[in-house]
Protein chains: 4
Amino acid sequence: MKTRDRIIQAALELFNESGEPNITTNHIAAHLGISPGNLYYHFRNKEEIIHSIFDEYARDLSIRFQPQGESKVTADNLLGYLDAVFMLMWRYRFFYANLPDILRRDPELQEKYLAAQEGLHQNIMGMMNSFRASELLDLDDDELLSLANTLKLVASSWICYQTTQAAGAKITKAVIYQGVLQMLSIVRPLTTAKGKEQVILLESHYCEQVKRNA
Amino acid sequence: MKTRDRIIQAALELFNESGEPNITTNHIAAHLGISPGNLYYHFRNKEEIIHSIFDEYARDLSIRFQPQGESKVTADNLLGYLDAVFMLMWRYRFFYANLPDILRRDPELQEKYLAAQEGLHQNIMGMMNSFRASELLDLDDDELLSLANTLKLVASSWICYQTTQAAGAKITKAVIYQGVLQMLSIVRPLTTAKGKEQVILLESHYCEQVKRNA
Amino acid sequence: MKTRDRIIQAALELFNESGEPNITTNHIAAHLGISPGNLYYHFRNKEEIIHSIFDEYARDLSIRFQPQGESKVTADNLLGYLDAVFMLMWRYRFFYANLPDILRRDPELQEKYLAAQEGLHQNIMGMMNSFRASELLDLDDDELLSLANTLKLVASSWICYQTTQAAGAKITKAVIYQGVLQMLSIVRPLTTAKGKEQVILLESHYCEQVKRNA
Amino acid sequence: MKTRDRIIQAALELFNESGEPNITTNHIAAHLGISPGNLYYHFRNKEEIIHSIFDEYARDLSIRFQPQGESKVTADNLLGYLDAVFMLMWRYRFFYANLPDILRRDPELQEKYLAAQEGLHQNIMGMMNSFRASELLDLDDDELLSLANTLKLVASSWICYQTTQAAGAKITKAVIYQGVLQMLSIVRPLTTAKGKEQVILLESHYCEQVKRNA
DNA sequence: CATGAATGAGGTTTCATTCAT
DNA sequence: GATGAATGAAACCTCATTCAT
């Protein structure tokens with residue numbers, strides 16, 4: 001792996017562990033056994049590292065969430081999707097722990113972030129629409145939009161929220177899967193009988209995941 | 001107003017405006033036209049200021065949200081409650097913008113925060129139960145708990161989430177009221193016919209508030 | 001007791017306990033439950049407090065060590081004298097722990113200190129001469145002066161020296177009495193047969209004291 | 001010379017000149033024409049500088065005072081030894097001016113110091129034993145131990161003691177040599193006839209040194 | 001590519017001292 | 001006599017960043 005990438009990985013790791021404001025560029029360099037000068041050879045400044053981490057995040061996001069065309073979204077699809085979203089959130093969790101501050105000081109990043117969020121929104125809307133088309137959901141347009149917004153909010157906030165809910169909380173996979181369950185519990189009351197079956201299926205799947213990873 | 005309180009107010013103001021990590025004790029002192037020494041006469045350190053702000057928040061919370069006994073929770077009650085929760089969230093929004101970091105470095109605050117969250121949870125559960133008892137909600141116990149959790153999450157995350165959703169977003173009252181509407185949209189599908197009327201009433205109230213404050 | 005005196009006593013106590021540089025004027029005031037303003041009403045500055053402590057020390061010194069005229073110095077005399085010197089050293093031990101620094105920054109105190117030392121020197125010389133006249137010591141003039149200087153040095157340095165010889169050493173009475181024994185061990189080889197008896201008597205007295213206070 | 005060493009030397013110099021508590025890290029940096037940041041690049045904090053100075057002292061001590069085996073200690077040996085001890089004391093005199101305070105706040109240093117003192121003690125005992133074996137001293141075991149303790153005390157305290165004995169006293173080499181003479185005057189009464197010759201020889205040597213350096 | 005010493009602004013905090021009441 | 005809020009210089013230390021090698 002190239003030094004540049006190693007820096008990004010180390011920074012991500014340390015940021016997640018201790019919070020971005022508590023990790024200095026020297027920490028990152030020391031963690032890798034390289035000199036601060038070398039770090040600054042690869043990155044103009046700390047912000048640029050964060051930027052690059054975000055770029056990786058955005059890339060991960062777009063790779064995993066290709067627009068799935070008109071193909072019907074199945075429960076399996078959804079399952080994969082939910083898994084992936086939360087795993088991403090977890091991989092870049094430091095980011096969510098300080099989002100307002102990080103974005104405030106970097107307008108360019110702010111823009112990129114909004115673009116990514118818009119993509120996420122389109123994805124979720126696409127899926128919801130597909131579900132409705134498949135008669136798994138029974139909603140009018142407004143309700144559908146509301147639901148999508150709620151789900152985006154829950155997904156975006158889940159990890160940050162959980163870290164604050166327990167002293168010294170380590171975010172484990174179990175916590176992630178509980179987030180998925182929370183989202184399913186929001187969806188369930190809005191499903192058709194047919195949809196409900198699917199949701200229950202998914203719920204039992206994630207319940208088991210939670211137990212397995214507890 | 002006493003200097004001690006002026007410091008708390010100034011700190012709160014500046015933290016909200018620029019983020020706690022970006023505001024130094026010197027900033028606060030300068031903003032008030034007092035010496036740094038004076039600030040440290042009233043507070044042992046910066047952390048203690050944050051602590052005091054939190055104490056004020058907790059006090060506000062408990063004053064406004066006295067357990068309402070067995071008295072039936074009316075829609076008006078709820079309206080007042082929702083208003084108040086969001087106003088509090090707004091008043092102490094800097095806090096929510098950095099929660100993971102602030103709590104990580106101050107275990108005592110972490111504990112206080114958890115106690116406050118527990119109180120919030122009890123309140124929400126109380127209200128939901130009351131609604132169910134009044135046959136406004138149609139839910140089993142699990143669903144009720146799920147709902148309460150979702151509402152707490154949305155309430156707790158709303159402001160932080162919104163600040164990230166628009167470039168240079170100023171959190172206005174309109175944004176706050178949109179948060180209330182978001183919560184109502186989650187509740188609505190779970191209501192009885194009787195409950196739905198109430199929700200629709202509340203929604204129209206908050207819609208108007210949003211327009212008025214846009 | 002007047003506030004002024006209480007300040008002196010509290011300062012002495014705290015200085016001895018924690019070292020003068022580590023005790024602020026606020027500590028002293030707080031310890032007494034008075035305001036810093038009040039402290040500064042009675043003393044122009046911290047230095048003046050130290051000055052006043054020294055004055056008390058000098059007074060104690062001169063009270064106890066009146067020139068004893070030509071009256072023969074007996075072993076009992078000596079015993080009382082040694083006791084008193086070391087007790088004084090102990091009472092004002094903070095002073096000896098920082099002497100170079102304290103004197104450097106206060107030339108007036110330096111002068112007072114030298115005067116006190118000169119007095120001490122005269123006393124010791126007087127006693128030694130008296131011993132020699134009583135044929136307890138067998139020394140020429142040079143040797144007598146050397147002895148006096150050594151004794152003054154040992155007495156002056158004993159407590160400071162001991163505090164550095166053991167981790168977290170508390171200076172107890174036993175330590176003080178060991179200092180006296182150390183001085184006697186210096187004197188003994190210089191005594192006449194008659195003198196030796198006396199020294200041995202004194203040594204056994206102080207040995208017992210050490211045991212009793214261990 | 002490396003910056004790290006220059007810092008140590010500058011600190012030593014300034015501490016000796018003005019007392020450790022009166023010299024800040026900024027003083028040291030300014031004295032060297034380097035930035036405070038640079039100083040803190042080489043040392044974590046002020047304490048670490050003091051620690052490093054002590055390490056140098058301990059190294060000097062151990063280099064000069066190798067255990068001299070069973071080889072007879074000659075008067076020349078002793079002369080070299082006394083010279084060296086006092087020169088070391090002088091080189092690191094700031095240390096002796098604040099010993100109780102410096103050790104109190106740094107337990108690790110306290111331990112190192114005690115180890116060094118123990119080494120010193122072993123050396124002195126070794127030499128005294130050797131003298132006795134050579135029939136230069138006429139002492140029983142107790143007396144020998146007493147003597148060693150007195151000598152260690154005098155050596156350890158001499159410079160600190162002298163700085164307090166004269167206004168604005170600069171410690172010169174002459175003062176150092178007077179310290180050696182003081183120690184010899186303690187030893188002399190305990191020597192055999194053969195030993196006395198040696199002591200007188202040494203005394204005349206040091207008398208001349210005092211005159212030359214006055 | 002890489003090193004690592006160096007910078008310097010600025011952060012938090014301390015403390016002897018003052019002064020209006 | 002006494003209070004206690006207020007001052008301000010200065011101490012220690014951090015860290016993003018630069019630059020000669």
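So you know, we letter chains A, B, ... as the sequences are listed, proteins then strands, and number each from 1.
Using modelled atom types, one side-chain atom of Asn22(D) and one backbone atom of Ser18(D) make a donor-acceptor pair closer than 3.5 Å. A distance-only check finds a donor-acceptor pair linking the side chain of Arg93(D) to the backbone of Trp90(D) [under 3.5 Å].
Nearest-nucleotide assignment on DNA chain E puts the 5′-proximal partner with Tyr41(A), out of Tyr41(A) and His42(D). Residues Leu39(C) and Thr3(B) each lie close to DNA chain F; by heavy-atom proximity, the contact nearer the 5' end of the strand is made by Leu39(C).
Atom-to-atom, CD1 of Ile34(B) to P of dT18(E) comes out at 21 Å; the value is rounded to the nearest Å.
Heavy-atom distances under 4.0 Å link DNA chain E to no residue of residues 98-105 of chain C. For the contact set between residues 4-14 of chain A and DNA chain F, defined by any heavy atom under 4.0 Å, there are no members.
In this structure, the side chain to side chain contact (heavy atoms under 4.5 Å, CB included) partners of Ala116(B), at least two apart in sequence or on a different chain, are Phe54(B), Leu61(B). A search for side-chain hydrogen bond (donor to acceptor under 3.5 Å, both in side chains) contacts involving Asn45(A) returns nothing, not counting sequence neighbours. Listed by chain and residue number, Glu56(D), Arg91(D) satisfy the side-chain hydrogen bond (donor to acceptor under 3.5 Å, both in side chains) test with Gln9(D) (two or more places apart in sequence, or in another chain). In this structure, the side chain to side chain contact (heavy atoms under 4.5 Å, CB included) partners of Thr164(C), at least two apart in sequence or on a different chain, are Leu99(D), Pro100(D), Leu103(D), Tyr113(D).
Counting heavy atoms from C-beta on, the side chains of Arg4(C) and Phe43(C) come closer than 4.5 Å. Using a 4.5 Å cut-off on side-chain heavy atoms (C-beta onward), Lys112(A) and His51(A) make contact. Counting heavy atoms from C-beta outward, Tyr41(C) and Ile34(C) have side chains that stay 4.5 Å or more apart.
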- Using Watson-Crick and G-U wobble pairs with both distances under 3.5 Å, what is the 5'-to-3' dot-bracket string of DNA chain F, with [ ] for crossing pairs and | for pairs outside the strand? .||||||||||||||||||||
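Distance check on atom C1': dT21(F) versus dC1(E) gives 13 Å, rounded to whole Å.
Listed by first then second residue, pairs satisfying salt bridge (Lys or Arg N to Asp or Glu O under 4.0 Å) with a partner in residues 19-40 of chain B read Glu20(B)-Lys46(B), Glu20(B)-Arg105(B), not counting sequence neighbours. Pairs of residues two or more places apart, or lying in two chains, never qualify as salt bridge (Lys or Arg N to Asp or Glu O under 4.0 Å) while including a residue from residues 21-31 of chain C. Among residue pairs with one or both ends in residues 27-38 of chain C, none qualify as salt bridge (Lys or Arg N to Asp or Glu O under 4.0 Å); sequence neighbours excluded. Screening residues 10-32 of chain B for ring-ring contact (aromatic ring centres under 6.0 Å, His included) gives Phe15(B)-Phe94(B) as the qualifying pairs, with residues at least two apart or on separate chains.
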Protein and nucleotides 12-14 of chain E: nitrogen or oxygen contacts under 3.5 angstrom:
residue, atom, partner, partner atom, Å
dT12(E), OP2, Thr25(B), N, 2.8
dT12(E), OP2, Thr25(B), OG1, 3.0
dT13(E), OP2, Tyr40(B), OH, 2.6
dT13(E), OP2, Lys46(B), N, 3.0

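Distances shorter than 4.0 Å separate some side-chain N or O of Asn38(A) from OP1 or OP2 on dT3(E). OP1 or OP2 of dT3(F) lies within a sub-4.0 Å distance of a side-chain N or O belonging to Ser35(C).
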